Amino acid sequence: MQNQDIKKSLDETKHYSRADARYMRMAIDLSVQNVDNGGGPFGAVIVRDGEVIATGVNRVVANNDPTAHAEVSAIRSACQKLQTYQLEGCTIYSSCEPCPMCLSAIYWAGIKRLCYGNTKADAKAIDFDDSFIYDQLDLAYEDRSIECEHFMRDAAQKAFSKWAEKSDKIPY
């Protein structure tokens with residue numbers, strides 16, 4: 001059945017490879033299994049040069065961790081495995097279009113390509129709605145639902161000054 005699903009998917013759109021379909025199927029299968037294991041309906045797979053580097057599933061409720069999204073979990077695992085904070089040359093396959101936090105983590109990790117199955121509209125339809133975060137980012141600080149206060153900048157600048165002067169820093 002899975003090979004038929006992959007062939008059907010390839011027939012629908014031809015812009016991705018059989019390998020892409022295989023890795024996406026892995027992410028989707030992880031998401032389905034995770035629901036059965038008490039987690040959220042999200043899975044992710046990170047691949048580099050045809051090798052699966054890491055996988056992740058949503059364990060927000062199970063771990064009492066609002067950052068335990070599938071993509072973030074996969075990124076953490078991949079970075080540990082590869083002993084680096086940059087996942088250059090990697091592709092991430094996600095069962096769903098990433099939320100703003102996960103998308104930011106994907107950019108920060110230097111992942112070169114993102115492939116996803118469900119859309120954010122699909123997620124919204126099952127009450128995983130992150131559109132309010134996108135909306136909040138467009139608002140002025142004083143109009144956001146989280147109270148934002150800016151103070152003690154002069155004191156906070158000390159760490160930035162030390163960083164700027166540091167000769168052995170590793171920029172990221």
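From a predicted model like this one, the values you see are computed outputs, not experimental measurements. These values consider heavy atoms only, across backbone and side chains, with no hydrogens, waters or symmetry-generated copies.
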| Is there a path of hydrophobic side-chain contacts, each under 4.5 Å between heavy atoms of I, L, V, M, F, W or Y residues, that connects Met24 with Leu30? | yes
| query | Would a hydrophobic clustering, with Ile, Leu, Val, Met, Phe, Trp and Tyr connected at side-chain separations under 4.5 Å, put Ile28 with Val57? | reply | yes
| Side-chain heavy atoms of Ile46 within contact of Lys81, under 4.5 Å | no
| message | Checking the side chain of Gln83 only, and the main-chain atoms of Gln80 only, is there a donor and an acceptor separated by less than 3.5 Å? | response | yes
| For Phe151, the rest of its hydrophobic cluster, which grows through side-chain links under 4.5 angstrom | Met152
| task | State whether the side chain of Asn58 and the backbone N or O of Ala70 hold a donor-acceptor pair below 3.5 Å, judged by distance alone. | result | no
| field | Shortest non-hydrogen contact between Val60 and His69, atoms and distance | value | CG2-CD2, 3.5 Å
Pairs of donor and acceptor atoms involving the side chains of residues 93-104, under 3.5 Å and at least two apart or interchain, shall be tabulated with distances.
unit_1 : atom_1 : unit_2 : atom_2 : d
Tyr93  : OH     : Asp20  : OD1    : 2.5
Ser94  : OG     : Glu71  : OE2    : 2.7
Ser94  : OG     : Cys96  : N      : 3.3
Ser94  : OG     : Cys96  : O      : 2.7
Ser95  : OG     : Gly43  : N      : 2.9
Ser95  : OG     : Gly43  : O      : 3.4
Glu97  : OE1    : Lys120 : N      : 2.9
Ser104 : OG     : Pro100 : O      : 2.9

| Under 3.5 Å, is there a donor-acceptor pair linking the side chains of Asp122 and Thr119? | yes
| message | Run the ring-ring contact (aromatic ring centres under 6.0 Å, His included) test against Tyr116 and tell me which residues pass, sequence neighbours left out. | response | none
| query | ring-ring contact (aromatic ring centres under 6.0 Å, His included) with Phe128: which residues, sequence neighbours excluded? | reply | Phe42
| Any salt bridge (charged side-chain N to carboxylate O under 4.0 Å, His left out) pairs touching residues 151-160, not counting sequence neighbours? | none
| said: Do Tyr107 and Tyr172 land in one hydrophobic cluster if side-chain heavy atoms of ILVMFWY residues count as linked below 4.5 Å? | reply: no
| Do Lys124 and Ser131 come within less than 4.5 Å of each other through their side chains, counting heavy atoms only? | yes
| Side-chain heavy-atom pair Trp108, Ile75 within 4.5 angstrom cut-off | no
| said: Going by side chain to side chain contact (heavy atoms under 4.5 Å, CB included), Ile53 matches just one of Leu87, Val47, Leu82. Which one? | reply: Leu82
| request: Any chance you could pull the hydrophobic cluster mates of Tyr141, using side-chain heavy atoms under 4.5 angstrom and chaining through other members? | output: none
